[in-house]
Each structure stands twice: as C-alpha cells, then as structure tokens.
Amino acid sequence: MCKECKGGFSLIEMLTVIAIMAILAAVIFPVMGTARKKARQTECISNLYQIGVAMKLFFNDEARYPEFIAGPVDESNLQPLEETTGQLAGRSIALYPEYIKSVSGLKCPLAQLNGEHINYKTAATGDDVVDDPMYDYLQGLGVSNSLRSATQHKLYKFSSYDYQVPPGLAPDATYNGEAHYSTTWLASDAASKDDPNYVRQLKWRCPPEDTVITWCSYHRDIDGTGTPQHGSKDLVLFLDGHVKLIDSRSMFTWTDGWKVPQGR
C-alpha cells in the first residue's frame, strides 16, 4: 500500500473537528444552564402555588391566616411546636403538616444548593434552626399580642418561604436572615377597609387580594457587593394565588408599600 493511501487524520482535520466541538460547547452549555435555572424557577413557582392553595384552605377552616408556613420549633426537642396555651390553644398555627403534606414543598430548590436542606424525619441540630427574624422587629413595633412577638421561637432553615438568606448576604452578629412570611408587618390598626391604616397585611380578617403572602429571593442575580443586578427578579406570591416576578432591587431596598424595612 502506498504512503498516500494510509488512513488517519491530518493535523488540520483534527483542529477543525476540535474547533467545531468548541463552538458547539459554547452554544450548548449556556442553553443548558438557562434550562436548569428555568426548571428550578418553575419548581419554586409550583411550591408557591401550593402554598397559595393551602392558605385558602387554612382560612376556610380557621377564619384567619396562619402565624407560620412551616411552624416554629420546640427548642426542647427540635420538633414542630404546637400552640398549647393562649388564644390559639389547640388550633393550627402553620400550614405544615396539615395543609402542606410534603416538606419538599417548603423549600426553594436552590435552598438545597445553598446548604439549607435537612432531612425532616431525622433529629435536627442547632445548626438546622435559626432565631425567628421577625421577633426583634415586632418587638420594635410594640406588637405584643401575636404568637411571634410573645416568644422568640426558632424556625427550620429549610422552610425557605418562612426564612431566607438571599444570595450575596451572610448572617452576622446583627443579621441572621430575613423573614419572608408574617401576618403583621406594621403596628397600624384600622377601623374599616376605608381607613388609611388598612394596608396589605394578613392579620386582617379580609385583607386585599393583592396582599403578599411570601416571596423567594434565591433566583435573583447579584453583583460583587450582593446588590441585585438590573433586570433581576424575585418570585412573589399574592393572596389571590398568582405568582409574579417583581424587580429584585425594589425587594432588596424594601421600598414597596406592602411591607416595611427590616434591619440588615
């Protein structure tokens, strides 16, 4: 067989193939990353929809809205705490486990990537719970008639719709995370729906349909300082059951009228 007929690839052919593969990878990998991001966002939206349905069921049974989504923790055994004394004695205080059966519906899928996932069926540890961020806030408002302001409970970290540490932020001596669910955000009282103090809060008997239930900040894009980038969106669940993408910067700076700033 002549030398000219020997099989194999030339250097130019190999380089051409490598170049084509590199181009394909550059096109496919970003698409795959976007698809994964979209899938996690879709799962989070599904969780929020389920919370919205559970909220309506809870209200139909209790004629009020729950104090928590997943509920506080009994520090003696790190198990869900039930209200045994006071005005709510013997009544449900959270959506889980009566109205939301699966613990997987209590967390954004990105919470697992941030190390905030534990097996609820096993004994929790002190690292799995956090002080309720709303306690000091409600104390500052002078609100003393709610379950959350009466005692500083601990919350499970995996309930990311009760509690979150958004991307770019880290717990420290003055900031241990954000409460994303509360029936009370303002100390204001109102005599009727026409009263200017009647704002969007779940503490009212019949709050407006555009009252915010909870929101998720894990999907936002941040810069090097932890500030949301322009165009970044948070997922927000409203009382009428719809989920809307809201500009992350407005959520980050706490300027909207349906909630008020918390200490950072």
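We count residues from 1, following the sequence as given.
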Looking at D162, L106, I51, which one forms a side chain to side chain contact (heavy atoms under 4.5 Å, CB included) with Y96? L106
Heavy-atom closest contact (V103 atom, K107 atom, distance): O-NZ, 4.0 Å
Can you see which heavy atom on I100 is nearest to which on A54, and at what distance? CG1-CB, 3.8 Å
Distance, nearest 0.5 Å, that separates OG1 of T214 from CZ of F238: 11.5 Å
Which pairs, with at least one residue in residues 227-238 and sequence neighbours excluded, count as a salt bridge (Lys or Arg N to Asp or Glu O under 4.0 Å)? R220-D234
Any chance NZ of K56 has more than 12 other-residue heavy atoms, nucleotides or ligands included, within less than 6.0 Å? yes
Looking only at atom types and distance, does a side-chain atom of Q164 sit under 3.5 Å from a main-chain N or O of S160, one as donor and one as acceptor? yes
For the backbone of H153 and the side chain of T151, can you confirm whether one donor and one acceptor N or O come within less than 3.5 Å of each other? no
Is there a side-chain contact between L245 and Q41, using heavy atoms and a 4.5 Å cut-off? yes
Rounded to the nearest 0.5 Å, how far does CD of E43 lie from CG of L110? 9.0 Å
L138 versus S149, closest heavy-atom pair with distance: CB-CB, 3.7 Å
Single-linkage hydrophobic cluster Y163~I93, side-chain heavy atoms < 4.5 angstrom: yes
Say whether, by atom type as modelled, one donor and one acceptor occur between the side chain of Q201 and the main chain of L186 under 3.5 angstrom. yes
Between S46 and T42, is there a donor-acceptor pair closer than 3.5 Å when you use the side chain of the first and the backbone of the second? no
Heavy-atom donor-acceptor pair, H180 side chain to W215 backbone, under 3.5 Å: yes
Is there side-chain contact between L155 and P133, with at least one heavy-atom pair below 4.5 Å? yes
Same hydrophobic cluster for V130 and L169, using side-chain heavy-atom links shorter than 4.5 Å among ILVMFWY? yes
Report yes or no: does Y65 contribute a side-chain atom to a donor-acceptor pair with the main-chain N or O of I213 at less than 3.5 Å? no
Shortest non-hydrogen contact from F68 to D132? CE2-OD2, 3.9 Å
Which heavy atom in G241 sits nearest to a heavy atom in L237, and how many Å separate them? O-CD1, 3.9 Å
From S92 OG over to Y99 OH, what is the distance, rounded to the nearest 0.5 angstrom? 5.0 Å
Atom pair CE (M55) and CG (L202), whose distance is rounded to the nearest 0.5 Å: 6.5 Å
Are the charged groups of R148 and E67 less than 4.0 angstrom apart, N to O? no
Enter the distance from Q229:CD to R249:CZ here, rounded to the nearest 0.5 Å. 8.0 Å
Would you find a donor on one side and an acceptor on the other, under 3.5 Å apart, between the side chain of N47 and the backbone of C108? no
Using a 3.5 Å distance criterion without hydrogens, assess whether the side chain of S217 forms a donor-acceptor pair with backbone atoms of P166. no
Does M251 belong to the same Ile/Leu/Val/Met/Phe/Trp/Tyr cluster as I222, with side-chain heavy atoms less than 4.5 Å apart forming each link? no
For the backbone of S232 and the side chain of S248, can you confirm whether one donor and one acceptor N or O come within less than 3.5 Å of each other? yes
Between F58 and A94, which heavy-atom pair has the shortest distance, and what is it? CE1-O, 3.7 Å
Any link between F59 and L48 through a network of hydrophobic side chains (Ile, Leu, Val, Met, Phe, Trp, Tyr) touching at under 4.5 Å? yes
Whether the side chain of Y137 engages the backbone of W185 through a donor-acceptor N/O pair (distance < 3.5 Å, no angle test) should be reported. yes
Linked, directly or transitively: Y135 and Y156 (ILVMFWY side chains, under 4.5 Å): no
